[in-house]
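What's counted below: heavy atoms across the whole structure, side chains too, no hydrogens, waters or symmetry copies. Chain A is the first sequence line, chain B the second, and so forth, proteins listed ahead of strands; every chain is numbered from 1.
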2 protein chains.
Amino acid sequence: MPSESELASEFDVSRATIRTVLASLASEGLILRKQGDGTYLNPLIREVNTHLGGVWEFRRLIESSGYKATIKALTTETRVAQASELSALGLPPGSQALVLRRLFFADLKPVILATNIIPYAMIIQPAGPIDGTLDIREILRRYCNKKIAFAISDVQARLANGEATEILQCEPGLPLLQISITFYDQDNHPLACGQSYYDDTTLRLRLVQSWG
Amino acid sequence: MPSESELASEFDVSRATIRTVLASLASEGLILRKQGDGTYLNPLIREVNTHLGGVWEFRRLIESSGYKATIKALTTETRVAQASELSALGLPPGSQALVLRRLFFADLKPVILATNIIPYAMIIQPAGPIDGTLDIREILRRYCNKKIAFAISDVQARLANGEATEILQCEPGLPLLQISITFYDQDNHPLACGQSYYDDTTLRLRLVQSWG
DNA sequence: CAGTGGTCTAGACCACAGG
DNA sequence: CTGTGGTCTAGACCACTGA
């Protein structure tokens, strides 16, 4: 790649500005920087589908694995939140929540079953019909006017239960990745949570980590 | 937290220097920054054991989950590398490799069974006895004079096989997390690879991801 | 040796939040 | 309005690499 100075003069900005951009690319492992030598593209990066732990961006994850991603909204219902959801979202018992059930396909194969829970009180009223094929970030932005600052996720190995085997069309007893995630805003308030079952036989969860 | 200007004058450096540090902390989700307001510590960060996808730093992972980490070196042998190892490491068929087998304990419970493969040709000769309790980064640095630039890992759910159930003292058929990783240097050459089985019943793999 | 990235300075202006 | 973080400039010196 061109040197920092060359890039700086090419785009007519200071070298410091170029450096901030390159630093963020390097932290994701997209480029490799060698002091005294130069900056190089990482040729292996095409094989990676997850950067910086964004394990829940399923659409991008499927597409960067070379499949066509389609999202099918299974159900959109309002119900009383369960105990685990109440504690994750910091809600009082009996709170209503919007539950989005979605299925992600890689090409035509169902690979991820995702359930997202949003406190009903957080949704801007009047709540029109919610587009279940949207990214969770976009849903929170559009229907709740909230912005995700960070998320905490648990990754576990779980056996497929009855419902998951049926929807994902897999054998009972197949081990699946279970991803439980909670999204927070900048004030540390939980915005939404979710639980996903990930069939890793077709779609590998592959991530890169770099050391500057 | 103190403002950028305050920190700059306190440590007698420029604000740009402070910003570099804070930016790296924010990218790991350790602090939350709000324009027009201030910088805040993320109080939830104690509950997270993995930052930036460092899913293979098992010692740190165990300790940050509140357990005492001990590492037991099971075996250290030199053998012909297997097909999957040859392809991961870019070696010709028949190459010798050093195989490190290690067991990680959380308190007294075995939680992670890790196997690391290092090309024999990469080890600085004469090879003394290798300390199997060292971090893989430290092993590569000390015995190979190599530095890891980045790593690519696959995370999958797998059923415990006979050997893993025995060593990890778990039920046969228990789903485990399988982490397959390859380490690379700055020139994109593979340095080592590894395969680990992770019992997530005691130790949760919990990671944070942030959006600036 | 010349050129690279790594680090740093001392300013500047802007967008934004809170009182 | 003041103070915050976000962005940027135009320099500087250093450590390191490769020829």
Does A:Asp185 reach the main-chain N or O of A:His189 with its side chain, forming a donor-acceptor pair under 3.5 Å?
->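 Between the backbone of A:His189 and the side chain of A:Asp185 there is a qualifying donor-acceptor contact (under 3.5 Å).
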Applying side-chain contact (heavy atoms from CB on, under 4.5 Å), run through A:Leu100 and A:Thr115 and close with a yes or a no.
-> CA-CA 6 Å; A:Leu100 286 175; A:Thr115 309; over 6 Å; no
Quick check for you: among [options], whose closest atom lies nearest to any side-chain atom of [X]?
X: B:Thr17; options: C:dC8, C:dG5, D:dG6; value: C:dC8
X: B:Asp37; options: C:dT9, C:dA17, D:dT9; value: C:dA17
X: A:Arg19; options: C:dT4, D:dT9, C:dT7; value: C:dT7
X: B:Ser14; options: D:dG5, C:dG5, C:dA10; value: C:dA10
X: B:Arg15; options: C:dT9, D:dG6, C:dG18; value: D:dG6

Where each residue is assigned the nucleotide of DNA chain D containing its nearest heavy atom, which of A:Gln35 and A:Thr20 is assigned the position nearer the 5′ end?
->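 Counting from the 5' end, the first nearest nucleotide belongs to A:Thr20.
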Position toward the 5' end of DNA chain D (nearest nucleotide), B:Pro2 or A:Asp12 =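 By nearest-heavy-atom nucleotide position, the 5'-most residue is B:Pro2.
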Interatomic distance, [X] [atom1] vs [N] [atom2] [rounded to whole Å]:
X: A:Ile31; N: C:dT4; atom1: CD1; atom2: P; result: 15 Å
X: A:Arg33; N: C:dT4; atom1: CZ; atom2: C1'; result: 10 Å
X: B:Ile18; N: C:dA10; atom1: CD1; atom2: C1'; result: 14 Å
X: A:Leu32; N: C:dG5; atom1: CG; atom2: P; result: 13 Å
X: B:Phe11; N: C:dA10; atom1: CZ; atom2: C1'; result: 19 Å
X: B:Lys34; N: C:dA17; atom1: NZ; atom2: C1'; result: 10 Å
X: B:Glu4; N: C:dA17; atom1: CD; atom2: P; result: 16 Å
X: B:Glu6; N: D:dG5; atom1: CD; atom2: C1'; result: 13 Å

Strictly by modelled atom types, are A:Glu28 and A:Ser210 linked by a side-chain donor-acceptor pair under 3.5 Å?
->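 Their side chains do not contain a donor-acceptor pair, so the 3.5 Å distance test is not met.
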Return yes if a side-chain donor-acceptor contact under 3.5 Å exists between A:Thr78 and A:Gln96, otherwise no.
->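 No, no side-chain donor-acceptor contact under 3.5 Å.
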Member of A:Phe105, A:Phe104, A:Tyr197 meeting the ring-ring contact (aromatic ring centres under 6.0 Å, His included) criterion with A:Phe58 =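 Considering A:Phe105, A:Phe104, A:Tyr197, a ring-ring contact (aromatic ring centres under 6.0 Å, His included) with A:Phe58 is found only for A:Phe104.
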Are any of B:Ser3's side-chain N or O atoms less than 4.0 Å away from OP1 or OP2 of D:dT4?
->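 Looking at the OP1 and OP2 atoms of D:dT4, one of them is under 4.0 Å from a side-chain N or O of B:Ser3.
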Looking for any heavy atom pair under 4.0 Å, which part of the strands does A:Thr39 touch: base, sugar-phosphate only, or nothing?
->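 Result for A:Thr39 = sugar-phosphate.
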